[in-house]
Amino acid sequence: MYWSCDISVVILKQKMLANKEIHYYHVCTDGTKNGIVYSCENDYQMAIKISAVVAYRYNVEIICYCHMTTHSHFVIRCSGHDNALSFINRFKTDYGRYVLREHGNTHMYRKVKSEPIEITDNLYLRKCISYVLLNPVKAHIVDRPEDYMWSSFECYFNASSLQGTLGRDIGVRRLQKEILHTHYDLSKSGLMVKEDNSLEVRSFVDYRFVERLFKGRTEFYKSLALTNSDTEEAKYVAGNIRYNDLEILAETIDYSDSRFGVKNVNLLTKNQKYAVVSYLRKRCHASNKRLSRILKIDMRELDRLTGEQLSDQ
């Protein structure tokens, strides 16, 4: 919910309530066709800023988000499917323009289609929020979701006061040209900017809604603990996609190279192989039998790898 009393936003919300035009969606930028999407801190920061701007522009409220190396997740509230689709497509367009400007990459998100998946009840919504926030843990990037910098986890059940200055008090030119790099009018957005020019997450994420939904910190953490990420992945994220052997092999090379600096799977350590296998099972829904054939790993070794809890990544 925007930290703002902008009358146009209030009226829009009243109309949505009157017409019961409130829907919740999980939207994801599929990471299987892009490789690395966010390669440095500036990329993540810009993704956060772009999502906040696009959400305000399309009258979308962000419930939670998580930006991973190869993709982004959002849980949003808006008036309908077309509204959700406009939000995610605009996010990809604007971030693609940033990548072209900063890194010279002309193909970002060009072949990626994102289909919003409607969330139909509160249980589904709680599980989806938990799944999105658990992505960095499932990917073995951090041990706890609160340790990951590029998700909205920090803004829930946070007792500290909001940090930063309202965008309208900064000045239009500095806010739009220097900080957010947009021509869109944000004078009534309620966005707050911190001293380091990053955004105060609670100025554009509806953290109060999440706190009410879970009815307290204990239930929030309990939901995180009970969420089965593998099950939620299949349910929420493109479970109907099927990858051929060459696509899985390409995924293997990209992931191994980006994470370990190794392109030949035979040169990976046991723990590195486990990380690769875990990633492929999640991303490509590939069975051990298929991975054994593609990666030239003995089936018995794969069964051991997936059955063990390896701690040293």
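Only a predicted model underlies this, so the values are computations on that prediction, with no experimental measurement involved. FYI, side chains are in, hydrogens and waters are out, and symmetry mates aren't considered; it's all heavy atoms of this structure.
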Practice task
Fit a plane to each ring of Phe209 and Tyr24, take the angle between them on a 0 to 90° scale, and name the class: parallel (under 30°), tilted (30 to 60°) or perpendicular (over 60°).
Solution key: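 Plane angle under 30°, so parallel.
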
Exercise for the section: Assign the ring pair Tyr65 / Phe204 to parallel, tilted or perpendicular, where the plane angle (0 to 90°) is split at 30° and 60°. Expected result: parallel

Problem - Pairing residues for Glu200 by the salt bridge (charged side-chain N to carboxylate O under 4.0 Å, His left out) criterion, not counting sequence neighbours - result: Arg202

Exercise for the section: List for me each residue that meets salt bridge (charged side-chain N to carboxylate O under 4.0 Å, His left out) alongside Glu115, sequence neighbours excluded, and say none if there are none. Expected result: none

Exercise for the section: Ignoring hydrogens and angles, tell me if any N or O in the side chain of Gln45 forms a donor-acceptor pair with the backbone of Asn42 under 3.5 Å. Expected result: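 Not a single qualifying donor-acceptor pair exists.
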
Pairing residues for [X] by the side chain to side chain contact (heavy atoms under 4.5 Å, CB included) criterion, not counting sequence neighbours:
X: Thr93; result: Arg97
X: Ala139; result: Met68, Ile141
X: Ser161; result: Gln163
X: Asp147; result: Val142, Arg144

Of all residues at least two apart in sequence or in a different chain, which pass the side chain to side chain donor-acceptor pair (under 3.5 Å) check with [X]?
X: Tyr148; answer: none
X: Asp196; answer: Ser198
X: Lys222; answer: Glu219
X: Ser223; answer: Ser130

Exercise for the section: Tell me, with the steps shown, if Val37 and Asp43 meet side chain to side chain contact (heavy atoms under 4.5 Å, CB included). Expected result: CA-CA 8 Å; Val37 176; Asp43 291 354; over 6 Å; no

Problem - Asp257 CG: over 12 foreign heavy atoms closer than 6.0 Å - result: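 Enclosed: over 12 neighbouring heavy atoms sit under 6.0 Å from CG of Asp257.
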
Problem - Results of ring pair (Phe, Tyr, Trp, His ring centres under 6.0 Å) for Tyr25 - residues two or more places apart only - result: none

Exercise for the section: Check ring pair (Phe, Tyr, Trp, His ring centres under 6.0 Å) between Phe74 and all other residues, then give those that pass, not counting sequence neighbours. Expected result: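 In terms of ring pair (Phe, Tyr, Trp, His ring centres under 6.0 Å), with neighbours along the sequence ignored, Phe74 is linked to His67, Phe87, Phe91.
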
Exercise for the section: Run the ring-centre check on Tyr156 versus Tyr207 and record whether the distance is less than 6.0 Å. Expected result: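 Aromatic pair excluded; centres sit 6.0 Å or further apart.
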
Exercise for the section: Would you please indicate if the ring centroids of His73 and Tyr131 are separated by under 6.0 Å? Expected result: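 Yes - the distance between ring centres of His73 and Tyr131 falls below the 6.0 Å cut-off.
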
Handout entry: Met149 with Tyr44, same ILVMFWY side-chain cluster at under 4.5 Å
Key =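 Yes, same cluster.
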
